[in-house]
> 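Dropping a structure here in structure tokens format, bear with me for questions.
The structure displayed is predicted, hence computed values, not measured ones. Lettering of chains follows the sequences in order, A, B, ..., and the numbering in each one begins at 1.
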Amino acid sequence: MNTDSPDIDEKRRMIWQSLAAVPAGKVVTYGQLAQLAGLPGYARFVGATLKRLPKDTQLPWFRVINASGKISFPEASDAYKRQRQRLQEDGITVKDNRVSLKHYQWSP
DNA sequence: TCCTTGACGGAGA
DNA sequence: ATCTCCGCCAAGG
């Protein structure tokens, strides 16, 4: 059951919806996803929302990277390795923990 | 209720 | 290119 306030839950829904639209082979930044969801300034909240996703989610959480073009996890972590793996399966080149936003950033 | 933390980002140095 | 500082908004203690 959901005990969160309606407005917060609604914001999460907006983010999930926008995330679902990000196509394979493309990436978006946390801040960009917030804007696409109609929530400018909510970059941090996007991160907090992705953190709450179930491990077996179908949403493309791995297509979200930070504004510097890097994966927002320590390079030694499993989370980092999983995200890099999924991105590479998408055909995205990850060189030294860096994705070229110039080539892969999605613009709807 | 107050204080700290965080899958963020932009401005400055 | 890097690093620090600071504003941002929730979540957790």
> Quick one, give me the B/S/- string for nucleotides 1-13 of chain B, reading 5' to 3', where B means a protein heavy atom under 4.0 Å from the base and S means that only happens at the primed atoms, P, OP1 or OP2.
-----BBBSS---
> Just how far is it from atom CH2 of A/Trp61 to atom CZ of A/Arg86, taken to the nearest 0.5 Å?
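One gets 6.5 Å once the value is rounded to the nearest 0.5 Å.
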> Measuring to OP1 and OP2 of C/dC8, would you say a side-chain N or O of A/Tyr42 lies under 4.0 angstrom away?
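No.
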> Below 4.0 angstrom, N of the basic side chain to O of the carboxylate: do A/Arg13 and A/Asp9 qualify?
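Looking at A/Arg13 and A/Asp9, the cut-off is met.
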> Categorize A/Lys11 for me: base, sugar-phosphate, or nothing, with a 4.0 angstrom heavy-atom threshold over every strand shown.
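Sugar-phosphate only.
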> Kindly check if the number of other-residue, nucleotide or ligand heavy atoms within 6.0 Å of CD (A/Glu89) is above 12?
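Check passes, neighbour count above 12.
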> Does A/Lys26, at its NZ atom, have more than 12 non-hydrogen atoms belonging to other residues, nucleotides or ligands within less than 6.0 Å?
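Atom NZ in A/Lys26 is packed in, count exceeds 12.
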> Can you name the one residue among A/Leu87, A/Asp90, A/Val64 that meets side-chain contact (heavy atoms from CB on, under 4.5 Å) with A/Val27?
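One option only clears the test, and that one is A/Leu87.
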> Apply salt bridge (charged side-chain N to carboxylate O under 4.0 Å, His left out) to A/Arg98 and list each qualifying residue two or more places apart in sequence or on a separate chain.
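A/Arg98 satisfies salt bridge (charged side-chain N to carboxylate O under 4.0 Å, His left out) with no residue once adjacent residues are dropped.
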> Rounded to whole Å, how long is the line connecting atom CG of A/Leu39 with atom P of C/dC8?
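Interatomic distance, CG of A/Leu39 to P of C/dC8: 16 Å.
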> How close do A/Tyr104 and A/Gly91 get, heavy atom to heavy atom, and via which atoms?
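Closest pair (atom of A/Tyr104, atom of A/Gly91, distance): OH-O, 4.0 Å.
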> Give me the residues of residues 95-108 of chain A where at least one heavy atom lies under 4.0 Å from an atom of DNA chain B, by number, or none.
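When residues 95-108 of chain A is checked for heavy atoms under 4.0 Å from DNA chain B, there are no hits whatsoever.
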> Quick one: is C/dC9 close enough that its OP1 or OP2 comes under 4.0 Å of any side-chain N or O from A/Arg12?
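So the side-chain polar atoms of A/Arg12 never come under 4.0 Å of the phosphate oxygens OP1 or OP2 of C/dC9.
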> Do you know which two heavy atoms are closest between A/Gln83 and A/Ile71, and how far apart they sit?
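Looking at all heavy atoms of both residues, the closest pair is OE1-CG2, 3.2 Å.
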